[in-house]
Number of protein chains: 2
Amino acid sequence: MIKSEPAEALEYTSPATRRPQARARETGEKILAAALKEFAEHGFAGASTRAVAAAAGVQHPLVNYHFKSKEGLWRAVLEATAGQFMDQFQSRLAGLRGVDDVTKLRLVQEDFIRFSAENPHFHLLMSQAGQHPSKQLNALVNEFVRPYFTTISALIRAAQRAGSYVEGDPEHLQYLFIGATTRIFTLAAEVKLITGASPFSAAMLDRHVAACLGLFFRTSTAKPTGANSRRKT
Amino acid sequence: MIKSEPAEALEYTSPATRRPQARARETGEKILAAALKEFAEHGFAGASTRAVAAAAGVQHPLVNYHFKSKEGLWRAVLEATAGQFMDQFQSRLAGLRGVDDVTKLRLVQEDFIRFSAENPHFHLLMSQAGQHPSKQLNALVNEFVRPYFTTISALIRAAQRAGSYVEGDPEHLQYLFIGATTRIFTLAAEVKLITGASPFSAAMLDRHVAACLGLFFRTSTAKPTGANSRRKT
DNA sequence: GTCTATATTATGATAGAC
DNA sequence: GTCTATCATAATATAGAC
């Protein structure tokens, strides 16, 4: 994250104008990272731009200078978070080119769970955004959620034809999946009290992945429709 | 809700002191109902006591008079919401005395889903409370969550012995169940955009109940351990 | 781009009349 | 118990020097 010695120093094209730009980009990123944390922990209303600035180690007017307003900061955080998820999703998909759909779906769903565990902010932010209608929600849905859902729905349909996935409307099933997989992370404090263990521990996470995938993937009842009902294990 | 003509008028024991008490209780309830809505929609920090008072149709100092502080109001809302759920749960359980455990579990879980649909505030509040450690969370867990989880866990274990329920740790499975069943309600705005249909419509709700129960209940693979592997259908 | 200083508003909470 | 009036604080946002 810290890039204090940029290569521009060698180039010698007016470091007086070049270096500050890098510094500015850096403070923008520091603010964004701090905002991600603050928004996820305290919600949009509960987070103050002053607290964000303090956490980022900068003066508070800088957040409005870089992001126009608190709302602008919120939008930037949402875009960055959703974008980060979509980036890893797309590159993962690209890497799985040629793999059969059932396996692809299984791996992508597992990635989703592990991403959720590593980025607990992710679903807290998405939850806040998805509760009530808003302009930002429309943008978020059109830019990220709908493309993601479309891709996964196609995979689910393929897996259903192969008899390897629970029956039902794919989009509906995705909400069941998302809910089932993320609840222990968004209720982390309660989970800790009830079960005594952190939902983020490695052991718990492996069990969680197995349990979630086990709920939705069925070991091929070999439906009469599909041609290749390949089964794992 | 509106009880403007109480029977005390006949009794004639100083209506000057009796009637005001009823009115006070009524405003307390109006404030509580408004607070439930405001807290669920905007979160603890996002809801203002002034907005609560305005929604309740009373002056703002009255909320602090009746609930001591904003925190006190929050606690009262949590207690009322969790208490309402537990009341219907306990009375339902009492009504099912003598019914076999698998059926009992199935009915109680269905009730949970329908309660969640009818009280969308419920999980939004619980989500907020369960995110971070706090004194209120401890109280909530000890008073409501733990008793509920203990009862359900026992039923799940019985259903598992009968081969009618997915394998796994009962408490862990409950979080999967809660997440799977409630996500479409807490993400109502996003669901509406993605699927085009409200998750609260009667048709959607019935499909949802069937899908959720179908995920967790298995049609008795007749495990060798248990004695009576009774199967439904 | 970054700082100090400040305008403006909203909020939680209370005092005091009725 | 309910109202009006007000205090104290914290927050968003901006102006202006450097």
Side-chain angles (χ1 to χ4, degrees), chain A residues 2-4 6 8 14-35 37-39 41-77 134 136, chain B residues 1-4 6 8 14-35 37-39 41-77 128 134 136:
Chain A
I2 298 171
K3 47 187 72 178
S4 32
E8 288 99 318
S14 74
T17 63
R18 194 72 142 260
R19 189 92 56 53
Q21 289 180 7
R23 219 176 97 90
R25 197 173 52 80
E26 194 183 327
T27 63
E29 285 168 6
K30 279 195 300 185
I31 292 174
L32 200 65
K37 192 160 146 36
E38 291 291 319
F39 279 141
E41 282 180 8
H42 307 109
F44 177 79
S48 81
T49 58
R50 291 175 124 89
V52 168
V58 302
Q59 303 300 323
H60 35 280
L62 283 187
V63 7
N64 269 18
Y65 173 79
H66 283 275
F67 297 94
K68 190 70 185 171
S69 69
K70 188 185 183 180
E71 268 248 343
L73 181 58
W74 168 250
R75 271 195 298 273
V77 165
S134 71
Q136 305 125 35
Chain B
M1 297 297 173
I2 298 170
K3 47 186 72 176
S4 33
E8 288 98 320
S14 73
T17 64
R18 194 70 144 259
R19 188 91 56 53
Q21 289 181 5
R23 219 176 96 90
R25 198 173 52 79
E26 194 182 328
T27 62
E29 284 168 5
K30 278 196 299 185
I31 292 174
L32 200 65
K37 193 160 144 34
E38 292 291 319
F39 279 141
E41 282 179 9
H42 305 110
F44 177 79
S48 79
T49 58
R50 292 174 125 90
V52 168
V58 303
Q59 304 299 323
H60 36 281
L62 282 186
V63 7
N64 269 16
Y65 174 80
H66 283 275
F67 297 94
K68 190 70 186 167
S69 68
K70 188 183 183 182
E71 267 248 344
L73 181 59
W74 169 251
R75 270 195 298 273
V77 164
Q128 285 186 67
S134 71
Q136 303 125 35

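The figures here come from the full heavy-atom set of this structure, side chains too, leaving out hydrogens, waters and symmetry mates. Per chain, numbering begins at 1; letters A, B, ... match sequence-line order. All values derive from a computational prediction rather than experimental measurement.
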Working for salt bridge (charged side-chain N to carboxylate O under 4.0 Å, His left out), residues B:E29 and B:R25:
CA-CA 6 Å; B:E29 284 168 5; B:R25 198 173 52 79; 2.8 Å; yes
Nearest heavy-atom approach of B:A24 to B:H66 is O-CE1, 3.4 Å
To the nearest 0.5 angstrom, please state how far the CG atom of A:L32 sits from the CG atom of A:L73.
6.5 Å
Please state how far atom [atom1] in [X] lies from atom [atom2] in [N], giving the value in whole angstrom units.
X     : N      : atom1 : atom2 : result
B:I31 : C:dA13 : CD1   : P     : 14 Å
A:F39 : D:dA11 : CZ    : P     : 13 Å
A:H42 : D:dA10 : NE2   : P     : 15 Å
B:K68 : C:dG12 : NZ    : P     : 17 Å
A:E29 : C:dG1  : CD    : P     : 13 Å
A:K30 : C:dG1  : NZ    : C1'   : 12 Å
B:Y65 : C:dA15 : OH    : P     : 14 Å
A:F67 : D:dA13 : CZ    : C1'   : 16 Å

Heavy-atom donor-acceptor pair, A:E38 side chain to A:G46 backbone, under 3.5 Å
no
Taking only side-chain nitrogens and oxygens of B:S69, does any of them come within less than 4.0 Å of OP1 or OP2 of C:dG12?
no
Ignoring backbone atoms, establish whether B:T49 has a side-chain N or O less than 4.0 Å from OP1 or OP2 of C:dA13.
no
A:F44 six-ring centre to A:K70 NZ/CZ under 6.0 Å and within 45° of normal
yes
Contact list (N/O, under 3.5 angstrom) for nucleotides 3-10 of chain C vs protein:
residue, atom, partner, partner atom, Å
C:dT4, OP2, A:Q59, OE1, 3.3

Checking contacts here: which listed nucleotide (C:dT2, C:dA13, D:dA13) is nearest the side-chain heavy atoms of A:N64?
D:dA13
Using the rule given for salt bridge (charged side-chain N to carboxylate O under 4.0 Å, His left out), can you reason through A:K37 versus A:E41, listing the C-alpha separation, both sets of side-chain angles and the distance that settles it, and then say yes or no?
CA-CA 6 Å; A:K37 192 160 146 36; A:E41 282 180 8; 3.0 Å; yes
Identify whether any heavy atom of A:A47 sits under 4.0 Å from a base atom; if not, whether one sits that close to sugar-phosphate; answer base, sugar-phosphate or nothing.
sugar-phosphate
Under the criterion side chain to side chain contact (heavy atoms under 4.5 Å, CB included), I'd like the reasoning laid out for B:F67 against B:T49: C-alpha separation, chi angles, the key distance, then a yes or no.
CA-CA 11 Å; B:F67 297 94; B:T49 58; over 6 Å; no
